Amino acid sequence: MLDINFIRANKEQVEKGMLAKGEKENSIVAEVLAKDEEWRSIVHQADGIRSESNVKAKQIGVLMGQGKKEEAQAIIAETSSLKEEIKTLEEKVKVIQEERESLLLRIPNVPHASVPVGASENDNEVYSTWGTPFKDEWRKPHWEIVERYGWVDFERGVKVTGAGFPFYVGPVAQLQRALINYFINEAGSVGYTELQAPYFVNEDSARGTGQIPDKEDMMYEIPRDGFFAIPTAEVPVTNFHRDEILAEQDLPIKYVCYTPCWRREAGSYGKDVRGLNRLHQFDKVELVKIVKPENSYEELESLREHAEKLLQDLDLPYRTLLMCTGDMGFTQSKKYDIEVWSPGQQRWLEVSSCSNFESFQARRMQLRYRKEEKNTAMVHTLNGSALAIPRVVSAILEAYQEENAKVKVPDVLKPFIGRDYL
RNA sequence: GGAGAGGUGGCUGAGUGGCUGAAAGCGCUCCCCUGCUAAGGGAGUUUAUUUGGAAACAAGUAACGAGGGUUCGAAUCCCUCCCUCUCCGCCA
């Protein structure tokens with residue numbers, strides 16, 4: 001959610017940003033400003049009448065105390081019309097405020113000046129590449145490798161739950177656990193505090209990070225208890241400090257959190273969902289940063305660099321994309337995607353997405369920090385995957401397989417797995 | 001799941017209808033005094049929002065778990081929900 005005052009002061013920028021993000025039209029910006037005018041004028045009116053009524057109530061109190069009942073009665077008679085006016089205005093305020101709020105929630109975050117303008121994924125900029133995408137005729141896609149050894153059991157996953165909920169068996173289960181541990185350790189070594197988070201959140205939390213009202217279709221719901229299964233650890237972790245005022249000296253706050261992630265992924269098909277490419281449940285290690293506004297773009301770079309380093313250490317070629325305005329999402333102001341090279345499929349797989357939300361999430365969550373002595377200001381929030389596990393597993397299986405079909409263990413994972421081959 | 005007790009400011013904790021946005025204490029900030037230290041004195045110390053103002057600030061409104069109700073007036077009375085604690089039951 002953007003600040004209404006920011007919108008008022010930067011109307012054109014917000015309107016331009018909306019179109020750049022691929023919204024069909026932007027009249028909503030003018031609408032919300034008009035609604036805000038209306039809201040303010042009615043609030044002003046209502047406050048004035050309340051003030052009058054408060055004064056009278058006090059007078060009545062004093063008169064009653066002095067035993068002057070008749071005089072008090074006279075004033076009480078005067079208040080009845082005020083009471084009605086207040087009630088009418090309050091109802092109006094409530095309605096208008098809700099309308100203003102829902103308009104405000106539909107305005108996307110403004111892209112940062114450094115973000116390339118574009119309409120679709122074709123307009124994303126290749127920010128950097130590391131390593132060389134390689135091709136060998138004998139390399140198999142990961143689904144053939146796991147099938148040969150029985151390392152991932154898709155069929156029984158379907159039986160037990162449904163498509164997209166596989167079992168991992170033996171070495172691949174071990175490999176995933178090793179990756180999780182490795183990623184958490186790496187984050188811990190550069191100052192991220194490890195968090196274990198709830199896997200279900202309530203509606204307020206889903207709203208806080210922007211999954212509601214925009215993307216509820218991506219989440220599994222437990223309506224009986226009013227819960228949502230988390231689509232990413234970003235949701236519980238960013239909401240950890242919701243409605244708080246943090247001390248300036250505590251910033252930046254950095255968390256690393258491993259969780260499974262649940263996504264309905266309605267409408268996916270074809271090669272995108274083959275094997276481990278797209279699942280309804282997958283494991284991910286997530287990084288979340290809560291920072292001072294003036295640092296947030298530096299913090300975004302260091303977040304990206306941290307995620308990239310993990311792939312370098314695994315010796316997996318990757319490329320980093322700077323997402324264009326049209327492909328970066330509603331809540332982000334700048335976003336990088338990191339894609340690992342999948343040599344068995346001859347394609348790039350997204351394994352991380354590092355975003356700066358500026359104060360967009362913070363405002364929705366009322367997450368502030370105390371500046372200097374008095375003032376409070378919204379923090380900036382960022383997050384990034386470091387990394388999504390199954391796609392890294394795909395890349396490892398495909399890149400570390402040998403012609404004899406054996407799969408080597410990456411050096412950095414050997415301490416966790418304890419042998420040279422899976 | 002059953003029974004009972006509670007939810008007040010950064011913390012502890014008063015407050016059962018009116019002058020209480022909230023006593024008192026602790027903590028914190030600033031000032032004064034004492035050569036340091038200890039002790040003492042004074043002032044300040046929630047948040048959101050509206051109006052005015054360049055700002056400092058001033059004034060108004062709202063908020064005592066959340067939402068609704070009663071009343072001229074609610075932290076205080078009533079209803080619903082949420083949460084915490086104690087006991088019982090169940091349980092990894």
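Side chains are part of it too, since the values below use all heavy atoms of this structure and drop only hydrogens, waters and symmetry mates. Bear in mind that the values here come from a model prediction, so they are computed numbers and not experimental data. Below, read A as the first sequence line, B as the second, and so on, with proteins coming before strands; counting in each chain starts at 1.
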### Task
Have a look at A:I75 and say if it touches a base, only the backbone sugar-phosphate, or nothing, with a 4.0 Å heavy-atom cut-off.
nothing
### Query
How is A:K94 classified with respect to the nucleic acid when contacts are heavy atoms under 4.0 Å: base, sugar-phosphate, or nothing?
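Counting heavy atoms under 4.0 Å across all strands, the contact made by A:K94 is with sugar-phosphate only.
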In whole angstrom, give me the gap between the [atom1] atoms of [N] and [M].
N: B:rU76; M: B:rG18; atom1: P; answer: 12 Å
N: B:rA24; M: B:rG13; atom1: C1'; answer: 8 Å
N: B:rG40; M: B:rU47; atom1: P; answer: 29 Å
N: B:rA5; M: B:rG68; atom1: C1'; answer: 24 Å
N: B:rG65; M: B:rU12; atom1: P; answer: 14 Å
N: B:rG73; M: B:rG89; atom1: C1'; answer: 46 Å
N: B:rA75; M: B:rG9; atom1: C1'; answer: 13 Å
N: B:rU34; M: B:rA38; atom1: C1'; answer: 10 Å

For [X] and [N], give me the distance from atom [atom1] to atom [atom2], rounded to whole Å.
X: A:E78; N: B:rG73; atom1: CD; atom2: P; answer: 14 Å
X: A:D225; N: B:rC83; atom1: CG; atom2: P; answer: 10 Å
X: A:M64; N: B:rC19; atom1: CE; atom2: P; answer: 14 Å
X: A:L63; N: B:rC19; atom1: CG; atom2: C1'; answer: 13 Å
X: A:N375; N: B:rU46; atom1: CG; atom2: C1'; answer: 15 Å
X: A:K371; N: B:rU29; atom1: NZ; atom2: C1'; answer: 20 Å
X: A:I49; N: B:rC72; atom1: CD1; atom2: P; answer: 18 Å
X: A:K69; N: B:rG73; atom1: NZ; atom2: P; answer: 17 Å

### Query
Distance check: side-chain N/O of A:R40 vs OP1/OP2 of B:rU49, anything under 4.0 Å?
no
### Task
Kindly say if A:K83 contacts the phosphate of B:rG73, meaning a side-chain N or O under 4.0 Å from OP1 or OP2.
yes
### Most 5' of A:V62 and A:D36 on RNA chain B, judged by nearest nucleotide
A:V62
## Note on the structure
When A:S80 and A:A57 are each assigned the nearest nucleotide of RNA chain B, the 5'-most assignment goes to A:A57
### Task
Step by step, work out the side-chain contact (heavy atoms from CB on, under 4.5 Å) result for A:R368 and A:M378.
CA-CA 4 Å; A:R368 291 157 290 170; A:M378 296 294 165; 3.7 Å; yes
Paired with [N]: which nucleotide, if any, by Watson-Crick or G-U wobble criteria at under 3.5 Å for both distances?
N: B:rC36; value: none
N: B:rC26; value: B:rG10
N: B:rG73; value: none
N: B:rU86; value: B:rA3
N: B:rU46; value: B:rA63
N: B:rC57; value: B:rG52

For the side chain of [X], counting heavy atoms from C-beta on, which of [options] is nearest?
X: A:N54; options: B:rU49, B:rU47, B:rA62; answer: B:rA62
X: A:I245; options: B:rU50, B:rU47, B:rG18; answer: B:rU47
X: A:T376; options: B:rA48, B:rU47, B:rG18; answer: B:rA48
X: A:H44; options: B:rU51, B:rC19, B:rG18; answer: B:rU51
X: A:W39; options: B:rU49, B:rC72, B:rU61; answer: B:rU49
X: A:R368; options: B:rU50, B:rC72, B:rU47; answer: B:rU47
X: A:D47; options: B:rC19, B:rG18, B:rU61; answer: B:rU61

### Task
Dump the intermediate steps for salt bridge (Lys or Arg N to Asp or Glu O under 4.0 Å) on A:E90 and A:K87, then the final yes or no.
CA-CA 5 Å; A:E90 266 175 357; A:K87 203 165 182 183; over 6 Å; no
Without hydrogens or angle criteria, can the side chains of [X] and [Y] be said to hold a donor-acceptor pair below 3.5 Å?
X: A:E358; Y: A:S296; result: no
X: A:D243; Y: A:Q366; result: no
X: A:S114; Y: A:K334; result: yes

### Message
Evaluate A:Y255 against A:Y192 for ring-ring contact (aromatic ring centres under 6.0 Å, His included), listing each step before the verdict.
### Response
CA-CA 5 Å; A:Y255 293 119; A:Y192 287 85; 9.0 Å; no
### Task
Evaluate side-chain contact (heavy atoms from CB on, under 4.5 Å) for A:W262 paired with A:Y199, printing each intermediate quantity in order.
CA-CA 9 Å; A:W262 290 275; A:Y199 295 166; 3.6 Å; yes
### Query
Tell me, do A:D283 and A:Y258 make a side-chain contact under 4.5 Å, heavy atoms counted?
yes
